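The figures here come from the full heavy-atom set of this structure, side chains too, leaving out hydrogens, waters and symmetry mates. Just so it is clear: chains get the letters A, B, ... in the order the sequence lines come, proteins before strands, and each one is counted from 1. What you are looking at is a predicted structure, and each value in this text was computed from that prediction instead of being measured.
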Protein chains: 4
Amino acid sequence: MVTATSARGRIDKRQAILAAAFTVFARHGYDQAGVQEIAAEAGVAKPTVYNHLADKANLFRHAVLAAAEEVMAENLAIAERLREPGGDLRATLEDVAYRMARVCAGERARALRSLAHGQASRFPDLIDLVRERTSDRLSEALADRLARLSLAGRLRRCDPALAAEQFLALLTGPLEARSRSGTRTLSTADTRTVADAAVDTFLRAYRPD
Amino acid sequence: MVTATSARGRIDKRQAILAAAFTVFARHGYDQAGVQEIAAEAGVAKPTVYNHLADKANLFRHAVLAAAEEVMAENLAIAERLREPGGDLRATLEDVAYRMARVCAGERARALRSLAHGQASRFPDLIDLVRERTSDRLSEALADRLARLSLAGRLRRCDPALAAEQFLALLTGPLEARSRSGTRTLSTADTRTVADAAVDTFLRAYRPD
Amino acid sequence: MVTATSARGRIDKRQAILAAAFTVFARHGYDQAGVQEIAAEAGVAKPTVYNHLADKANLFRHAVLAAAEEVMAENLAIAERLREPGGDLRATLEDVAYRMARVCAGERARALRSLAHGQASRFPDLIDLVRERTSDRLSEALADRLARLSLAGRLRRCDPALAAEQFLALLTGPLEARSRSGTRTLSTADTRTVADAAVDTFLRAYRPD
Amino acid sequence: MVTATSARGRIDKRQAILAAAFTVFARHGYDQAGVQEIAAEAGVAKPTVYNHLADKANLFRHAVLAAAEEVMAENLAIAERLREPGGDLRATLEDVAYRMARVCAGERARALRSLAHGQASRFPDLIDLVRERTSDRLSEALADRLARLSLAGRLRRCDPALAAEQFLALLTGPLEARSRSGTRTLSTADTRTVADAAVDTFLRAYRPD
DNA sequence: TATGAATGAGCCTTCATTCAT
DNA sequence: TATGAATGAAGGCTCATTCAT
């Protein structure tokens with residue numbers, strides 16, 4: 001299967017380049033990252049990078065969007081866990097909150113936001129595309145779950161979109177503060193504490209009347 | 001008083017340079033901002049910038065920190081308002097929340113975070129210095145006020161630091177989402193809506209038992 | 001006759017490449033012409049070009065020399081016309097001059113000189129090879145004819161080589177000026193005018209005493 | 001006179017750059033000439049070249065045009081010599097022809113034509129600007145002189161523009177051929193021979209009836 | 001002190017050329 | 001044999017930074 005192999009090889013190489021690009025961009029930022037270094041990280045020669053991705057700008061775009069897709073997939077998988085809340089709602093929410101915290105405060109998600117925000121002037125559209133994938137989609141999925149819970153009487157009646165937004169805010173806000181904006185890596189215990197506190201406050205505010 | 005005048009003139013020039021630097025850095029980001037453009041914006045020649053501030057890096061540091069100080073001053077003034085809560089606690093909190101929203105989502109604060117985060121690899125300490133001034137200090141001041149309110153029985157007993165953190169999270173989280181990460185400028189009404197929702201949820205969770 | 005066919009196909013492909021190369025070189029000059037574009041113009045892939053012609057330099061050489069051969073053939077055919085001058089020498093010379101003008105000011109001959117002159121430093125020999133084929137050979141053939149005419153008493157006694165040289169100079173010099181160095185394409189009428197003037201002056205200078 | 005000195009220094013540097021540029025372009029052609037080498041030849045650093053002349057293209061333009069101006073000045077000075085023909089017209093013409101030959105076949109004039117022709121596709125206007133200065137202007141000045149000679153009865157009645165054109169053609173055409181397109185440098189004697197032959201033929205064709 | 005001019009270093013990009021299929 | 005993909009080398013251009021005035 002000659003064609004398959006070489007087509008596959010080509011795809012692999014492209015993805016290796018994108019992965020390397022994301023790594024290097026995350027490490028140094030857009031301007032400081034050299035295409036040279038990206039090529040080295042991907043194990044290819046510089047022109048190969050250009051053969052696959054035209055431009056440094058294009059390379060950035062695709063690397064960032066590819067990473068964003070991955071994060072989105074993780075996020076959506078987590079929100080699914082609320083579909084079967086089980087008897088102990090608090091415990092389930094705490095678990096979900098913890099997992100979301102792991103993803104949202106994780107290195108990839110953080111780098112993603114950092115890169116997109118930092119290059120807002122050069123890539124004005126990217127910031128939105130990234131936020132959509134890292135936050136909005138998650139918020140929407142969460143809103144769906146909360147709406148069901150509200151309907152089932154396990155939460156008070158409310159605007160589910162707002163509730164989801166606030167749930168995530170209660171989670172990620174303190175996360176950001178506690179991790180000192182990503183400077184410190186949070187321990188599992190700390191993350192749990194933050195998640196539990198978020199859930200506690202959320203349940204107090206949204207418990208059925 | 002020739003000396004005083006020229007010392008004064010010197011100081012003015014330095015501040016003009018710092019202000020210009022912040023403007024330009026905010027406009028283009030660290031790497032993309034040229035010392036040339038900064039000098040032009042400040043109305044001086046390039047070497048003058050170097051005479052006053054040695055380095056591009058140094059220039060960045062000072063420009064960012066100066067802006068951070070300004071933001072901090074604004075933030076602290078606002079928190080003071082909670083010292084005399086008055087009879088209608090909800091109304092007072094809503095007012096405070098709205099004002100904080102204005103500052104935290106304002107252009108300077110946003111640029112500050114954006115620049116600091118974007119250059120985290122080059123200036124690892126800056127991110128903390130900025131967060132301290134834009135968020136932490138505000139959070140601390142707020143915690144002080146909330147502690148008093150709790151003691152006065154107008155809020156339930158709680159960890160005031162956590163309460164402050166969550167209050168700010170409920171405010172700035174949705175703010176970020178609604179402004180599409182600063183892409184859209186929020187109207188006064190939208191800002192108020194966000195502030196009121198934050199206060200509502202906060203009060204539900206922290207009302208006296 | 002498989003072998004014959006494929007040998008023929010091979011030759012055809014080689015000539016297609018050479019033709020394409022000349023076209024592209026003429027269009028953009030040596031350095032600016034990309035092997036890529038030449039391959040595309042020839043309808044083959046880049047490595048095929050290298051399979052047939054080793055080098056870009058080699059490609060250039062062969063393309064230029066092939067074109068030069070074609071031009072030479074045309075030129076010699078024209079000079080033959082002077083072998084039977086007929087009764088009206090002036091008319092015959094005018095006809096010959098006109099045809100030579102057409103060729104020498106034609107696109108191929110012009111591109112040929114332009115390319116060879118422009119790459120004199122890189123291909124020091126080419127300029128001579130080309131001039132030989134586009135001018136010298138013509139001049140020699142012409143000298144032969146003029147010698148006969150002189151001997152026959154229809155021109156004064158003279159050095160036929162010099163006479164030929166001057167005949168061509170009187171023709172191509174004004175041609176170059178009038179066409180603004182090839183910038184403007186000369187109309188048939190203009191070309192005729194130039195040819196006639198050249199012949200007139202030539203005959204005045206070389207008429208029998 | 002501080003200002004004068006530094007302004008003068010700046011001008012000197014600019015002209016040094018232009019001269020170096022012309023030298024290097026003449027040596028290697030446009031594409032093959034590196035800005036690096038030009039800077040080195042001028043004794044400055046690469047960015048200095050860009051400070052003075054923006055672009056490689058711009059540098060080329062100015063270098064070529066500056067050289068063209070110089071050539072034009074030389075040419076016009078020579079034509080002036082025909083203003084006072086003296087008793088021996090042939091001798092005067094021979095002298096003028098010889099001097100013109102020296103200039104037109106000189107290195108600068110040759111490089112000028114070569115560069116302009118070679119880069120016709122990239123700088124379509126340059127070829128005309130150069131021809132104007134190296135040939136047309138000379139032709140016009142010469143026509144003026146020939147008109148006077150014709151009027152004075154020392155040449156037959158004729159179109160002076162055509163006569164000038166043909167005079168130059170008779171001179172430069174053979175010059176080109178004998179120097180093998182600039183490959184060989186002509187000796188003084190050879191140049192004289194060519195000039196004398198041109199004048200002889202010219203006088204035969206244009207002698208008063 | 002403030003400035004116009006000069007510099008050294010570095011990066012993106014392209015292209016002729018060669019493998020591997 | 002013909003090709004898609006990969007590479008090594010090189011060049012234009014920019015920019016932070018420093019002299020000299």
Side-chain angles (χ1 to χ4, degrees), chain A residues 1-3 5-7 9-10 13-14 17 31-39 42-59, chain B residues 6 9-10 13 30-39 43-59, chain C residues 6-7 9-10 13 30-39 43-60, chain D residues 1-3 5-7 9-10 13-14 17 31-39 42-59:
Chain A
M1 246 196 264
V2 178
T3 348
T5 307
S6 76
R10 186 160 172 68
K13 200 157 278 185
R14 183 190 165 97
I17 292 172
D31 292 275
Q32 210 55 21
V35 175
Q36 184 82 245
E37 188 182 351
I38 293 175
V44 302
K46 225 194 312 187
T48 303
V49 174
Y50 283 90
N51 279 347
H52 283 264
L53 287 134
D55 248 12
K56 190 187 183 183
N58 204 18
L59 178 54
Chain B
S6 62
R10 186 162 172 67
K13 198 162 277 185
Y30 180 75
D31 292 277
Q32 210 55 22
V35 175
Q36 183 82 247
E37 188 181 355
I38 292 175
V44 301
K46 224 191 315 182
T48 303
V49 174
Y50 283 88
N51 281 345
H52 284 263
L53 285 132
D55 248 7
K56 189 186 185 184
N58 201 26
L59 178 54
Chain C
S6 63
R10 186 160 172 72
K13 197 162 278 186
Y30 179 74
D31 292 276
Q32 210 56 19
V35 176
Q36 185 80 248
E37 187 181 354
I38 293 174
V44 301
K46 225 193 312 183
T48 304
V49 174
Y50 283 88
N51 281 344
H52 284 264
L53 286 132
D55 248 7
K56 188 185 185 185
N58 202 26
L59 178 54
F60 184 69
Chain D
M1 248 196 269
V2 179
T3 347
T5 307
S6 74
R10 186 159 171 71
K13 200 156 280 186
R14 182 190 166 97
I17 291 172
D31 291 277
Q32 210 55 22
V35 176
Q36 186 80 246
E37 188 181 352
I38 293 175
V44 300
K46 221 194 314 185
T48 304
V49 174
Y50 284 91
N51 279 348
H52 283 265
L53 286 134
D55 248 10
K56 190 185 182 184
N58 203 17
L59 178 54

Taken to the nearest whole Å, CG/A:D31 to P/F:dC13 is 20 Å
Between CZ of A:R14 and P of F:dG4 the distance, given in whole Å, is 18 Å
Rounded to whole Å, CG of B:N58 lies from P of F:dA16 at a distance of 15 Å
message = Strictly below 4.0 Å: does A:H52 bring a side-chain N or O up to OP1 or OP2 of F:dA6?
response = yes
A:E37 CD to E:dG10 C1', in whole Å, measures 14 Å
Here the distance between atom P of E:dT14 and atom CD of C:Q36, to the nearest Å, is 12 Å
Note: D:A39 and D:A45 closest approach over all heavy atoms is CB-C, 3.9 Å
C:L59 atom CG is separated from E:dA16 atom P, nearest whole Å, by 10 Å
The answer to which of B:Q32 and C:A45 contacts DNA chain F further toward the 5' end, by nearest nucleotide, is C:A45
Closest to the side chain of C:Y50, out of F:dT14, E:dT7, E:dA16, is E:dA16
For DNA chain F, consecutive-pair runs of 3 or more (Watson-Crick or G-U wobble, both H-bond-type distances under 3.5 Å) give E:2-21 with F:2-21
Distance col, row C:K13:NZ vs C:N51:CG, nearest 0.5 angstrom, shows 10.0 Å
Taking E:dT17, E:dT13, E:dT7 as options, the one with an atom nearest any side-chain atom of A:K46 is E:dT13
When C:G34 and B:V44 are each assigned the nearest nucleotide of DNA chain E, the 5'-most assignment goes to B:V44
Once you apply a heavy-atom cut-off of 4.0 Å, does A:A33 come out as touching a base, just sugar-phosphate, or nothing? sugar-phosphate
DNA chain F nearest-nucleotide lookup for D:A57 and A:T48: closer to the 5′ end is A:T48
request  = Would you check if the side chain of B:K56 reaches a backbone N or O of B:Y30 as a donor-acceptor pair within less than 3.5 Å?
outcome  = yes
| Which part of the nucleic acid does B:N51 contact within heavy-atom distance under 4.0 Å: base, sugar-phosphate only, or nothing? | base
Testing F:dA16, F:dG12, E:dA16 for proximity to the side chain of B:K56, the answer is F:dA16
In whole angstroms, the gap separating P of E:dA2 from CD1 of B:I38 amounts to 17 Å
So CD of C:E37 and NZ of C:K46: to nearest 0.5 Å the spacing works out to 12.0 Å
B:D55 has its side chain closest, among F:dT17, E:dT3, F:dT3, to F:dT17
Inset, instruction - Would you mind reporting whether A:L53 and A:R14 have side-chain heavy atoms less than 4.5 Å apart? - result: yes
Looking only at F:dG12, F:dT14, E:dA5, the nucleotide nearest the D:P47 side chain is F:dT14
Between the CG atom in A:L59 and the CD1 atom in A:I38, the distance rounded to the nearest 0.5 Å is 5.0 Å
dist A:I17:CD1 -> A:Y50:OH (nearest 0.5 Å) comes out at 11.5 Å
